[in-house]
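To start, the structure under review is shown below, and the notes come after it.
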Amino acid sequence: MLQEGEFPMTARSKLKQALSEGKPGSECLVKGWVRSVRTGKGVCFIQLNDGSSLAGLQVVAEPDLVNFAEVCGLGTGAAIAVTGLLQESPAAGQALELRAAQVEVVGGADESYPMQKKRHSFEFLRTIAHLRLRSNTFGAVFRVRSSLAQEVHRFFAERGFLYVHTPIITANDCEGAGELFRVTTLDLAKPPLLNGAVDFSQDFFSRATGLTVSGQLEGELFAQAFSDIYTFGPTFRAENSNTARHAAEFWMIEPEMAFADLNDDADLAESFFKRLCSHALNNCAEDIQFFNTQIDKGLIERIEAVASASFARMEYGEAIERLKKAPVSFQFPVEWGLDLQSEHERYLTEQVVGGPVFILNYPKEIKAFYMRQNDDGKTVAAMDLLVPKVGEIIGGSQREERLDRLTARMQETGVDPESLSWYLDSRRWGTTPHAGFGLGFERLIMYLTGMENIRDVIPFPRTPRHAEF
RNA sequence: UCCCCAAUAGCUCAGUCGGUAGAGCGGGUGACUGUUAAUCACCAUGUCCCUGGUUCGAGUCCGGGUUGGGGAGCCA
C-alpha cells in the first residue's frame, strides 16, 4: 500500500498497450479520462479511456483508498492518474482490470460536463466539437484518420514518389475548380481603388491572391523534375455548398506521374485505393469493427469486396448506352455530352458493375482545359473512379502535354495563357506525357468508416457559417 | 443557391379538438460486496427558437425571420 502523495517509479502505460501486453500481477500506471463511474457500497468501478484504443480499462477502487469518497464522486469527463496492480477480472466484460492502489484526480469535471454516458446525436456533438473527441465514435474516427494518413505516405514512399508541399497561398485560381477565399492585408473598410476597382497592386503580394483550390498545377511542375510526386495538404473552396459531402477546408491527395498515360493513372488509383482498404481492415480492426456494428452494418463486407476486387473500366460512351438501356427512370436526362449525375454514377457502380468502376474518356466540353485531347476530337483522357454507396471518389486525367493543343484549349475555355506562362513552360522544354488524380481525404474516411457527414470525419469542420473552434 | 422537413427540460422526444407542459435518459440525494451506458427509491429542472398576427385564450393556427437536418447543384 502506497502512502498518500507517493508515486511508484513505474512509467505510464497507454491503455492499448496495458490491455494487450499487461500481465496479471504487474504494476501499472495509467492516465486518462473518466467515461463512467459505477459505485457500490464497498466498491467503485471507473471506465477509463486515454484515446489509445476504443476499449477502455476498468479501474476497481475499494475503501482502502485514502480518497475513496472522492473517487466515488468522480464525474464523467474527469482526468485521473491511477497506479495499481493489473489483475484478471472475475466478472464478464473484460479480461483484465486495474486494482487501484492510488488514484490522483488530475483535473476534475462537475455535473455540467455536456457529454453524458448515453448516446448523443451527431448534430448535438457537432456543437461541442471540442469535447466530442472523447466519445467512442469520434475516438474511432480520428484514430482511423491518423492511421490512413500515415499509410498514404507509406504507400507513395514505397514507390519512390516525392512528397511535395505546394503553396497554400496562390495567385491563380487553378482550373477554375472553385471559388477562391481571398487573402489580403488591405483595409477592407477603405481599400485603395484604381478606376473604381480594388487596386491589388498595393496588396501584400502586389496582386490578388487566395487560398489554394488544388495543388495540381504546381504538382505537374514537380513531376517534370522528379518523375513521380504527390501532394497531401489542405485545400479550400469558398463555395456555398450545404451538403454532407462538402467542406470549405478539406485535405486532398494528388499524385502526378511523368511518362505516364491514362491507363497508368488508373492502375495507380486502383492499387492505391485497394491498399487503403486493406490497411483499414488489417490495422484499424477494432475501430472498423465498431463502425460495422454501430454505424454501418455492411461496412466490412463492402470494404473487403473492394480490397479484393479487380476494378472494371468502362468508356464514357458505353456508360451512356448502359444508362439509356436502364430499366429505371432517372431524374436527370442521359445523353452523350451531358455530365453524369450522382444517380447515374450510383446506378453504374451498384447495378451495372456491382463494384468499383473507372469511367474513362469524357466529352471535352464537360472537363477542364488541362486534360489531354483524344484523337477522336471529341473526348479527353479523363477518368472518374466510382464506388458503391458513394459514387465518385477519385477524379483524374492524363494532362495535355502538347503546347499548341493546350494553349488552343485555354483560349477556347477563356483561360488567359499569359497568366499561366510558368505552367506552359513545362510544355516548352522537355514535355512528357503525364497523368495524375485527386482523392478527397475526408471522402475516403467517410467511405472507410461509414460516417455519412463530412463534418463528422474532420476535427473542426469549416462549412458555410461555421468556423468556430 | 434551390426544394422539402424540423425547432418543447442538460440530451432524445411526446404533447389529442386552441384551454396556461410531460416521459425516458442524464443530474442530485439515499440504498446496495463485483458493476458493465448497473439496479431500486425519492427530488429538482422550461425564454415551448425569434417576431408579428388571428383569438376571450396560442407550444398548437397564419405571415415573416433565424438555426439545424435531408435532398439537389457545384465538386473532392
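In what follows, chains are A, B, ... by sequence order, proteins preceding strands, each numbered from 1.
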Counting side-chain heavy atoms from C-beta on, which of [options] comes nearest to [X]?
| X | options | result |
| --- | --- | --- |
| A:Gln116 | B:rU1, B:rC11, B:rG34 | B:rC11 |
| A:Glu111 | B:rU1, B:rG28, B:rU35 | B:rG28 |
| A:Lys41 | B:rU35, B:rC32, B:rA72 | B:rC32 |
| A:Arg455 | B:rG70, B:rG73, B:rG28 | B:rG70 |

Checklist entry - For A:Val60 and A:Thr76, take the nucleotide of RNA chain B holding the closest heavy atom to each; which residue's nucleotide lies nearer the 5' end? => result A:Thr76

Look at the side-chain N and O atoms of [X] and state whether any lies under 4.0 Å from the OP1 or OP2 oxygen of [N].
| X | N | result |
| --- | --- | --- |
| A:Arg465 | B:rG68 | yes |
| A:Asn453 | B:rG70 | yes |
| A:Arg245 | B:rA72 | yes |

Any donor-acceptor N/O pair under 3.5 Å between [N] base and [X] side chain:
| X | N | answer |
| --- | --- | --- |
| A:Glu62 | B:rU33 | no |
| A:Glu97 | B:rG34 | yes |
| A:Glu123 | B:rU67 | no |

Checklist entry - So, A:Phe155 versus A:Phe272, ring centres under 6.0 angstrom or not? => result yes

Checklist entry - If you measure from the P atom in B:rC43 to the same atom in B:rU33, how many Å do you get, rounded? => result 24 Å

